[in-house]
Amino acid sequence: MEYDFRKIERKWQSYWAEHKTFEVKEDASKPKYYVLDMFPYPSGAGLHVGHPLGYIASDIYSRYKRLCGYNVLHPMGFDAFGLPAEQYAIQTGQHPAVTTAKNIARYREQLDRIGFSYDWSREVRTCDPAYYKWTQWAFLKMFDHYYDNGLGKAQPVSRLVEIFSEKGSDGVNAACGEEMHFTAEQWNAMSEKEKSGVLMNYRIAYQGVTSVNWCPGLGTVLANDEVKEGYSVRGGFPVEQKKMTQWQLRVSAYAGRLLDDLETLEWSDSLKDMQKNWIGRSQGAEMTFKAFNGDKEYDIKIFTTRADTVFGVTFMVLAPESEWVEKLTSPEQKEAVEAYLAEAKKKTERERIAETHKVTGVFSGSVAINPLTGEKVPVWISEYVLAGYGTGAIMAVPAHDSRDYAFAKTFGLPIIPLIEGCDVSESSFDAKEGIMCNSGFLNGMTVKEAIPAAIDYVEAHGIGRRKINYRLRDAIFSRQRYWGEPFPIYFKDGVATPMPEDRLPLELPEVDKFLPTESGEPPLGRAADWTYEGWPIEKSTMPGFAGSSAYYLRYMDPHNGSALVSKAADEYWRNVDLYIGGTEHATGHLIYSRFWNKFLYDLGYVCEKEPFKKLINQGMIQGRSNFVYRIVNTNTFVSYGLKDRYETTEIHVDVNIVHNDRLDTDAFRKWMPDYADAEFILEDGEYICGYGVEKMSKSMYNVVNPDMICDTYGADTLRLYEMFLGPIEQSKPWDTKGIDGVHRFLKRLWRLFYDRDGLVVTDEKATPEELKTLHKLIGKAREDIESFSFNTTVSAFMIAVNELYEHKCNKREILEPLIILLSPFAPHISEELWEALGHEGSISFASFPEYVAEYTEESVCTYAVSFNGKTRFTLDLPKSMSKEDVEGKVLAEPLSAKYIAGGRVVKVIVVPGKIVNIVVK
RNA sequence: GCGGAUGUGGUGAAAUGGUAGACACGCCACUUUGAGGGGGUGGUGGGCGUUAGCCUGUGCGAGUUCGAGUCUCGCCAUCCGCACCA
């Protein structure tokens, strides 16, 4: 009987669907395990073989955990709001909901063919109103809370109002936009509108004016992580800076906790570092400098990590967008400053990045007083100071900061060295080392001593205070687009007001076109009656990360109409034990989700501080393109090895008509009309193609579709091969070359069970040799699966099957545990063989430990082998071998020999230097 | 510039500090079949040798160790992330 993978795979996929094999319920009698994939955005192009890599790995682990007796939650859904569907809608007029539904159906079909063990009854789609109800709900909660720095958690705004009316602004230490000072009397005297303006400064979801990444090409603002090198990540349009009023999430309030709790996570160091850098904690001091524009006095606040260098301040610099610019520009300098600001504003983000080393600036006309020396220093304005970080103003110490140094050199400002023996004639001395000089009371201290001493001084004299600054900025939360979650906010007398919870979900209205209105409003401005009780509703929508921030919670209780997740479900499933996805979400989704979770944790809706305990980043699968070489001005193609003899052009050829770099010339002629009568110059009778590694994309003709692999080789082969390709975390090009090896393995496995006439499995007792093969496999596989080293696990299976095949072993005692262990990797063939062995039902319900009980750690003993009384190495020996067999076997001569001990063959290698080296074969 | 990762055959890759290159692709030889992207056996890092075997070999250079692909330090190269963050 042949291995008919098509029939087998169809059979078991419908079996799983019919029997709802992978549906799970909370079950207190079993330990839970939650395995999650980053859900996909269903694009029109469908899945290519790179997409399922992570899904296959997580599926293997899920199935393995199930075999080990865990109650495994392994859900899947779709991140269905997004720009591409809307761009498509603008072009074609087709509603994004229609496009999205179609793409989802296609994705589902492709996923099903690979044989994943998802519990589809828990599927979520972010564009489904029943789902986004809870996205909106969370937003309202954020609107209704502020972050109390003292308590270190979110608190209701009502509490804030209470404090304000009793003690004024000083009664609370809250995260806010700008620092405000008012008394209880002042608060109580405010109008409702004024009060709501003040509260907006504290809310976790708030509306505020900020410098945003505006993308004219997409007609919307973007978050920092949606912009790369001055271009939008989606679409690649240029991005510029613009001041706008936008909804924002006060993620920055959680910066400290987001940073500290990274320690508790099992994530890779590189990913943790990425988040650490993105959060960017720096410890220093905030100081106030008095500045004078004519006779008007202002306080400029600056942030520095080098408080020790205050004695070297020779000028101050303001960011062009700083609010102090206007106040400190003198009448004489007004024209020059305005010209500079206009120039700076014109630049796109892209140009600013490109010109980072170009020094520009303008003198404001004002002076500031160094609070320690009393000296007057000029106040400048320059782009190199960023408005969004610290206070938007700096004290410049050119001797010890390279940027200040470049600025001072360009504009001829003085440079005062503060460290003994440092040379600042060519460049600044940025290192935090050496002995202080020219620094008053700090003289003679090391830099490390001087920093805290300077801050102590500054605090004692009321000039400033210790401060920790974060690079992490608040997330801009509105998009001027249609295809996203509407904000459940309306404007009553111009005041942003939340809709009542029972009005949720606020569904997306129908619009005639998906473009902005003539007056420049977002597409929702086209909706017929976009009002609530007569008041206008917010017209922007939420960004892509809104719907993906809490989806892992919704899977726990996806059909709950009265809560995001019930207490019971949350307390059972808790958080994600294993999360698999790409690194591209390191500074976006993975920050927002953690923030969202912490917020809900503060409010008591979830029981875990962190959403994703262990995280694995699967590598990207790149495309492997093939090329043919056309001799110029002809329709003749020359094989790769001969191309240098002609003048040729390199042309991409569809990788699907190339096998092992050999072109199917007939298929090539049929591929495109232009090539219908192509001629070929072959080498050794074959046309060899060139190759290169590129991104997998349609235009490179290097997209390999998993459906095609399933057709030719089957899903089990695809699954095994993707794992066999190399370590999961590594990026690599897809190369179909080699898939035959894996397919051959499955056929060979099949032949252990079947010959021409049918099943040949016997109940004979296994030989020690065969048992050893099995136990070696079990030991290796368990270890490797637990450490996600799936490529070596597949190798271990191959080795085992090769050995069994060699011995013509067809004994149930061996084969049964073998296929149970294989079932996470190749579930269809395993189920089929399991059934052939006379078992009822799915293999998923087989309890793996029963089958491996006899394989225990005890079958191997570890001895330490010592030489001259010192432990040299440890040695694992089979139980049958005793310590005495090894002890004292130190040979004087270098030799290599076989050593028989306890019936086992041991190879003894004695290297020069008389050290025994024993390896058990 | 800062941070991280990676460097092993023709290829994808294995190696708790202990026989480097398992396993697989490809290639070569033999074999089987009417045929098939078939089945089987053997070989395959490089150099020398008819064989036995010898020499050499994990980006480069040091170090630790009886012993280093693995640990430490310094280079070089590639990839990724951040980037005027005061």
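Each chain gets a letter, A, B and so on, in the order the sequences are listed, and its residues count up from 1.
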J.: Going by purine N1 to pyrimidine N3 plus the second Watson-Crick contact, or the G-U wobble pair, all under 3.5 Å, which nucleotide sits opposite B/A62?
T.: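 The answer is B/U72, by the H-bond criterion.
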J.: What does the B/S/- profile of nucleotides 3-11 of chain B look like, 5' to 3', with a 4.0 Å heavy-atom cutoff to protein?
T.: SS-------
J.: Hey, can you tell me if A/Tyr721 and A/Trp734 have their rings parallel, tilted or perpendicular (30° and 60° cut-offs)?
T.: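 Ring orientation, 0 to 90° scale: perpendicular.
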J.: Give none if B/G1 has no partner; otherwise give the nucleotide forming a Watson-Crick or G-U wobble pair with it, both distances under 3.5 Å.
T.: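 Pairing partner: B/C82.
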J.: Check the interface with nucleotides 70-77 of chain B: list each N/O to N/O pair with the protein under 3.5 Å, or write none.
T.:
none

J.: Taking the C1' atom of each, how far is B/U16 from B/C27, in whole Å?
T.: 35 Å
J.: Please list, chain by chain and in numerical order, all residues satisfying side chain to side chain donor-acceptor pair (under 3.5 Å) with A/Thr587, sequence neighbours excluded.
T.: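 If we apply the side chain to side chain donor-acceptor pair (under 3.5 Å) test to A/Thr587, skipping adjacent residues, there are no hits.
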J.: Would you please classify the geometry between the A/Phe407 ring and the A/Tyr384 ring as parallel, tilted or perpendicular, with 30° and 60° separating the classes?
T.: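 Rings of A/Tyr384 and A/Phe407: tilted, as their planes differ by 30° to 60°.
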J.: Starting from P on B/G12, measure out to CD on A/Gln622 and report it in whole angstrom.
T.: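 Rounded to the whole Å, the gap is 12 Å.
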J.: Go through B/G39, B/A14, B/C23 for me and flag the one nearest to the A/Tyr805 side chain.
T.: B/G39
J.: Looking at B/A22, B/C84, B/G40, which one has an atom nearest to any side-chain atom of A/Arg751?
T.: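 Minimum distance to the A/Arg751 side chain belongs to B/G40.
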J.: Could you give the CZ-to-C1' distance, from A/Arg744 to B/G26, as a whole number of Å?
T.: 11 Å
J.: Quick one: ring-ring contact (aromatic ring centres under 6.0 Å, His included) partners of A/Tyr754, sequence neighbours excluded?
T.: A/Trp750
J.: Report the nucleotide, chosen from B/C82, B/A86, B/G40, that has the shortest atom-to-atom distance to any side-chain atom of A/Arg748.
T.: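 Nucleotide nearest to A/Arg748's side chain: B/G40.
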J.: The side chain of A/Glu383 is closest to which nucleotide in this list: B/G40, B/A14, B/C84?
T.: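 Shortest atom-to-atom distance from the side chain points to B/C84.
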J.: Name the orientation class of the two ring planes belonging to A/Phe797 and A/Phe825 (parallel below 30°, tilted from 30 to 60°, perpendicular beyond 60°).
T.: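 The rings of A/Phe797 and A/Phe825 stand perpendicular, inter-plane angle above 60°.
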J.: Checking all strands, does A/Thr583 fall into the base, sugar-phosphate, or nothing category for heavy-atom contacts under 4.0 angstrom?
T.: nothing
J.: With rounding to the nearest 0.5 Å, note down the distance linking CG in A/Asn370 to CD1 in A/Ile463.
T.: 9.0 Å
J.: Restricting to ring-ring contact (aromatic ring centres under 6.0 Å, His included), what partner residues turn up for A/Tyr687, sequence neighbours left out?
T.: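 In terms of ring-ring contact (aromatic ring centres under 6.0 Å, His included), with neighbours along the sequence ignored, A/Tyr687 is linked to A/Phe680.
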J.: Using the P atom on both, measure B/G9 against B/C54 and round to a whole Å.
T.: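 Their P atoms lie roughly 24 Å apart.
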J.: Taking atom C1' in both B/U56 and B/G21, what distance in whole Å separates the two?
T.: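 Approximately 15 Å lies between the C1' atom of B/U56 and that of B/G21.
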J.: List the steps, then state whether side chain to side chain donor-acceptor pair (under 3.5 Å) holds for A/Arg748 with A/Asn802.
T.: CA-CA 8 Å; A/Arg748 189 173 280 204; A/Asn802 282 348; 2.6 Å; yes
J.: When you get a sec, tell me which of B/A83, B/A13, B/A86 is the closest nucleotide to the side chain of A/Arg471?
T.: B/A83
J.: State which of B/G39, B/A86, B/A13 makes the closest approach to the side chain of A/Ile394.
T.: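 Selected nucleotide: B/A86.
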J.: Could you tell me the separation between the NZ atom of A/Lys301 and the OG atom of A/Ser322, rounded to the nearest 0.5 Å?
T.: 13.0 Å
J.: Between A/Lys747 and A/Gly392, which has a closest nucleotide on RNA chain B that is more 5'?
T.: A/Lys747
J.: Between A/Arg624 and B/G12, does any side-chain N or O lie under 4.0 Å from OP1 or OP2?
T.: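 Checking A/Arg624 against B/G12: no side-chain N or O falls below 4.0 Å of OP1 or OP2.
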J.: Say you pick atom C1' in B/G43 and the same atom in B/G4; how far apart are they, in whole Å?
T.: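 So the two C1' atoms sit 43 Å from each other.
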J.: So among A/Thr309, A/Asp308, A/Leu418, which one has a side-chain contact (heavy atoms from CB on, under 4.5 Å) with A/Val447?
T.: A/Asp308
J.: What's the closest nucleotide to the A/Thr305 side chain, out of B/A86, B/C82, B/G39?
T.: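 Looking only at side-chain atoms, A/Thr305 lies closest to B/A86.
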J.: C1' atom, B/G74 versus B/C84: distance in rounded Å?
T.: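 About 30 Å, rounded to a whole number of Å.
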J.: Which value, in whole Å, describes the distance between the C1' atoms of nucleotides B/U65 and B/C80?
T.: 35 Å
J.: Quantified in whole Å, what is the C1' atom distance between nucleotide B/C79 and nucleotide B/G18?
T.: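 Between the two C1' atoms, the distance is 32 Å.
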J.: Hunt down the Watson-Crick or G-U wobble partner of B/C27, both distances under 3.5 Å, from any strand shown, or write none.
T.: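 Across all strands, the one nucleotide that pairs with B/C27 is B/G43.
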J.: Given B/A13, B/G12, B/A86, which nucleotide is nearest the side-chain atoms of A/Ser282?
T.: B/A86
J.: Whom does B/G57 pair with, Watson-Crick or G-U wobble, provided both distances fall under 3.5 Å?
T.: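 Base-paired to nothing in any strand shown.
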J.: Which is true for A/Val385 with a 4.0 Å heavy-atom rule: it touches a base, it touches only sugar-phosphate, or it touches nothing?
T.: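 Base, at least one base atom sits under 4.0 Å.
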J.: Between atom CZ of A/Arg473 and atom CG of A/Leu386, what is the distance when rounded to the nearest 0.5 Å?
T.: 6.5 Å
J.: Ring-plane angle category for A/Tyr3 and A/His743, please: parallel below 30°, perpendicular beyond 60°, tilted otherwise.
T.: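 Tilted, since the angle between the ring planes falls between 30° and 60°.
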J.: Closest-nucleotide mapping onto RNA chain B: is A/Gly280 or A/Gly738 further toward the 5' terminus? I mean the 5' end.
T.: A/Gly738
J.: Would you check if the side chain of A/Asn702 reaches a backbone N or O of A/Asn626 as a donor-acceptor pair within less than 3.5 Å?
T.: no
J.: From C-beta outward on A/Trp278, which listed nucleotide comes closest to its side chain: B/G40, B/C82, B/A13?
T.: B/C82
J.: Take the protein atom CZ of A/Phe790 and the nucleotide atom C1' of B/G12, then report the distance between them rounded to whole Å.
T.: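 Rounded to whole Å, this separation is 18 Å.
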J.: In terms of side-chain heavy atoms of A/Pro727, which of B/A83, B/A13, B/C23 is nearest?
T.: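 Within the option list, the nearest is B/A13.
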J.: I want to check one thing: is the phosphate of B/A86, taken as OP1 and OP2, less than 4.0 Å away from some side-chain N or O of A/Tyr389?
T.: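 Yes, A/Tyr389 has a side-chain N/O under 4.0 Å of OP1/OP2 on B/A86.
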J.: Is the glycosidic torsion of B/G9 within 90° of 0, making it syn, or is it anti?
T.: syn
J.: Indicate whether OP1 or OP2 belonging to B/A24 is found under 4.0 Å from a side-chain N or O atom of A/Asn802.
T.: yes
J.: Start with the C-alpha distance between A/Thr305 and A/Gln283, add both sets of side-chain angles, then the distance that settles side-chain contact (heavy atoms from CB on, under 4.5 Å), and finish with yes or no.
T.: CA-CA 6 Å; A/Thr305 54; A/Gln283 197 164 1; over 6 Å; no
J.: What does B/G49 pair with, Watson-Crick or G-U, if both distances are under 3.5 Å?
T.: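 Result: none.
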J.: When the C1' atoms of B/A29 and B/A35 are considered, how many whole Å apart are they?
T.: 23 Å
J.: Mind calculating the distance between CD1 (A/Ile739) and C1' (B/C23) to the nearest angstrom?
T.: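 Result: 16 Å.
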J.: Which part of the nucleic acid does A/Leu725 contact within heavy-atom distance under 4.0 Å: base, sugar-phosphate only, or nothing?
T.: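 It contacts sugar-phosphate atoms only.
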J.: Can you tabulate the close N/O pairs, meaning under 3.5 Å, that link protein atoms to atoms of nucleotides 31-36 of chain B?
T.:
none

J.: More than 12 heavy atoms of other residues, nucleotides or ligands under 6.0 Å from CD of A/Glu584: yes or no?
T.: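 It does: A/Glu584 CD has more than 12 such atoms within range.
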J.: Could you tell me the separation between the CH2 atom of A/Trp734 and the P atom of B/C25, rounded to a whole number of Å?
T.: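 Taking atom P of B/C25 as the reference, CH2 of A/Trp734 is at 15 Å.
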